Amino acid sequence: MILHFRSLAKVYYFHVLPLDTRIISTLIPKYCFGYFSTSSTSAVEGASNASSDQAKKSVDFRRNQDADVVIAKVLAAKGENEVLQSLLHDSRCNKIQITLSLVNRLLHRFQDDWKSALGVFRWVKTFSDYKPLPELYDKLVDILGKMKQMEKMQALLEEMREDNLVSLNTIAKVMRRFCGAGDWKEAVKTFDELENFGLEKNTESMNILLDTLCKEQKLDSAREIFLELQSHIPPNAYTFNIFIHGWCKIKRVEEAHWTIQEMKGHGFRPCVISYSTIIQFYCSQSKFWRAFEMLDEMAAQGCPPNVVTYTTIMHSLTKSGDFKEALKISERMKLVGCKPDTLFYNALIHTLGRAGMVEEAIYVFRKEMPENNINPNTSTYNSMIAMFCHHRQEQRALEYLKNLENSPYCKPDVQSFYPLLKLYFQAKKIDKCMANLLDDVVNKHHLCLDLATFTLLIHGLCRADKCEWAYELFRSMISQSIEPRYLTCSLLLHEIRQKNMFDAAEVVEDFMKKMKKSS
DNA sequence: CTAGGGTTAG
């Protein structure tokens, strides 16, 4: 259960600075606050020359400001109608040019706040020269469904139907959300009424329904519906793979094997996905001999494993601590000429890191990957950074972080910084380095801290006898609707009581009481 | 519409 504390949030939102800056100004002690970065949020996609880079940055910056103006206005209102009215009557908001990226950003910002999302959507629709794309409707449908606002979601669906905007993608989201809310019958009903939306009941839409049911572990219902529809709608190979995955998900692997037979009975050959799904299951149970048996069976069936199959096995072996076997899988894959990809290399680097083979990991990153034309992504960099931090190599970690920041292919996320922050706590370097790093996270990269990072910081600061700072972080968490763990709260409470911060203690205590009630 | 990351707490 996520707790909302909008009233508390408002306290922070009355300055004129960009929103993200306002949040972080409560995170970092004043003396650490040397500058406000003006760099933009967006990573530059692909390589580009310096001047267009500059132009893009200034456009991005203006759009960020537009978004910030709207966000601040929305946060000051409550309820979808109040949001709409306050935006309509704001002269600055009315001058803003509505663009796809702006609306996307706003809906993303309010993806956990359906009232604001709906209010914003109503507002952008009042601009006569702006027609939201169907994808934006879909996004809103998803937000409403996620927040379990089923009546609102269906009302929007009806609105879309009248304008002929419902696609299979919309229906997929609606069915997933009904199932997620525990109402699988309503999902089936949506499928039954597919023709009302101008869509067809065919193999593709049936597969979406079955996949939805299987992912929610409603295998028996899915099975029943499948048998019922079988005489009207022919299954394809996807249909059976969906069931194989579903059975594995609820750990009934016997049925998964049985589905393979059924598939053959319908004239479909089990493919690499069918087998890899079962292999993934055995790996997750650490029954590696079973996984290897499946590899033999694949060979016998003339269905060679692919990079996904190998990555799955290697990664699971690493998780169970068998680095030697994991690296053998990597060798085996290269031996048979199967081409690696980014996810494979991420897993390999992780394995090498866990095995303490730091230099080998660097070799893979700097030599092997470029030679095979595989670009690193954010996770690749994050694995390298985490590995260096694990081995107390701060300088190398910082070097890779810098490369990540300058990469044309990807940008840092919160996870990129977590290991470094942790290292600073372990090394008791809690002053300047860490404040600078945190400043980068929020002001340079416009990232929001997540639960794990907040927890790390608050625990670390409490231990380091800096609980005023920890308390500010606690308040910031609540203002962002990120619920602290109970342990975090009690740790913080203990510290601030010792410092005689009575008002703060009361705030934390009140919060803990509400936690107990809702759990 | 079908298969593959991690961070984890002291």
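Treat the numbers as computed from the prediction; the structure is a model and nothing was measured. Below, read A as the first sequence line, B as the second, and so on, with proteins coming before strands; counting in each chain starts at 1.
- Between the side chain of A:T342 and the backbone N or O of A:N375 there is at least one donor-acceptor pair closer than 3.5 Å.
- Applying the salt bridge (Lys or Arg N to Asp or Glu O under 4.0 Å) test to every pair with at least one member in residues 273-296 of chain A, sequence neighbours left out, gives these pairs: A:R290-A:E293.
- Within residues 324-343 of chain A, the residues having any heavy atom under 4.0 Å from DNA chain B are, by residue number, A:D341, A:L343.
- Within the 4.0 angstrom heavy-atom criterion, no nucleotide atom of any strand lies near A:V414.
- For A:Y137, the ring pair (Phe, Tyr, Trp, His ring centres under 6.0 Å) partners are A:F121, not counting sequence neighbours.
- Distances shorter than 4.0 Å separate some side-chain N or O of A:H245 from OP1 or OP2 on B:dA3.
- Listed in residue order, the members of residues 345-355 of chain A having a heavy atom less than 4.0 Å from DNA chain B are A:N346, A:H350.
- Below the 3.5 angstrom threshold, one finds a donor paired with an acceptor across the side chain of A:T311 and the base of B:dG4.
- For the pair A:L209 CG and B:dT2 C1', the computed distance is 15 Å after rounding to whole Å.
- Remark: A:L492 CG to A:H459 NE2 distance equals 9.0 Å, nearest 0.5 Å.
- Protein atom CZ of A:R485 is 15 Å distant from nucleotide atom P of B:dT7, rounded to whole Å.
- Residue A:Y486 contributes atom OH, which lies 21 Å from atom P of B:dA9 at whole-angstrom precision.
- Nucleic acid contact class of A:F344 (heavy atoms, under 4.0 Å, all strands): base.
- Computed from coordinates, the A:M263 CE to B:dA3 P distance equals 13 Å when rounded to whole Å.
- A donor atom on one side chain and an acceptor atom on the other are not found under 3.5 Å apart for A:Q280 and A:H245.
- The aromatic ring centres of A:F292 and A:Y282 sit 6.0 Å or more apart.
- Look at A:K444 and A:E405 and you find a salt bridge, because one of the NZ, NE, NH1 or NH2 atoms lies within 4.0 Å of a carboxylate O, short of that distance.
- Considering only side-chain N and O atoms, A:H459 lies under 4.0 angstrom from the phosphate OP1 or OP2 of B:dG10.
- Rounded to an integer number of Å, the gap from A:L449 CG to B:dT7 P is 19 Å.
- Relative orientation of the A:F240 and A:F226 rings is perpendicular, given thresholds of 30° and 60° on the angle between their planes.
- The shortest distance between the side-chain N/O atoms of A:K215 and the OP1/OP2 oxygens of B:dC1 is not below 4.0 Å.
- Among pairs with a residue in residues 245-256 of chain A, those fulfilling salt bridge (Lys or Arg N to Asp or Glu O under 4.0 Å) read A:R252-A:E255, at least two apart in sequence or across chains.
- The base of B:dA3 lies outside donor-acceptor range of the side chain of A:N241, with no N or O pair under 3.5 Å.
- The phosphate of B:dT7 (OP1 or OP2) has no side-chain N or O of A:K319 nearer than 4.0 angstrom.
- Rounded to whole Å, atom P of B:dA9 lies 14 Å from atom CD1 of A:I458.
- Here CE of A:M175 is found 9.0 Å from CG of A:L210. Values are rounded to the nearest 0.5 Å.
- Annotation: salt bridge (Lys or Arg N to Asp or Glu O under 4.0 Å) contacts involving residues 220-243 of chain A, sequence neighbours excluded, comprise A:R223-A:E262.
- Every residue two or more places apart in sequence or in another chain was checked for a side-chain hydrogen bond (donor to acceptor under 3.5 Å, both in side chains) with A:Q301, and none qualifies.
- Legend: residues meeting side-chain contact (heavy atoms from CB on, under 4.5 Å) with A:T170, ordered by chain and number and at least two apart, are A:D138, A:V141, A:L157, A:M160, A:V166, A:S167.
- Every pair passing ring-ring contact (aromatic ring centres under 6.0 Å, His included) that includes a residue from residues 362-386 of chain A is listed here, sequence neighbours excluded: A:F365-A:Y381, A:F365-A:Y400.
- Within the nucleic acid shown, A:Y418 comes within 4.0 Å of sugar-phosphate atoms alone, with no base atom in reach, counting heavy atoms only.
- Residues of residues 367-403 of chain A having a heavy atom closer than 4.0 Å to DNA chain B, listed by number: A:S379.
- Per the geometry, CD belonging to A:Q426 stands 13 Å off C1' belonging to B:dT8, to the nearest Å.
- For the contact set between residues 268-300 of chain A and DNA chain B, defined by any heavy atom under 4.0 Å, the members are A:I273, A:S276, A:T277, A:Q280.
- The separation between A:R463 atom CZ and B:dA9 atom P is 11 Å, rounded to whole Å.
- Residues passing the salt bridge (charged side-chain N to carboxylate O under 4.0 Å, His left out) test with A:D183, sequence neighbours excluded: none.
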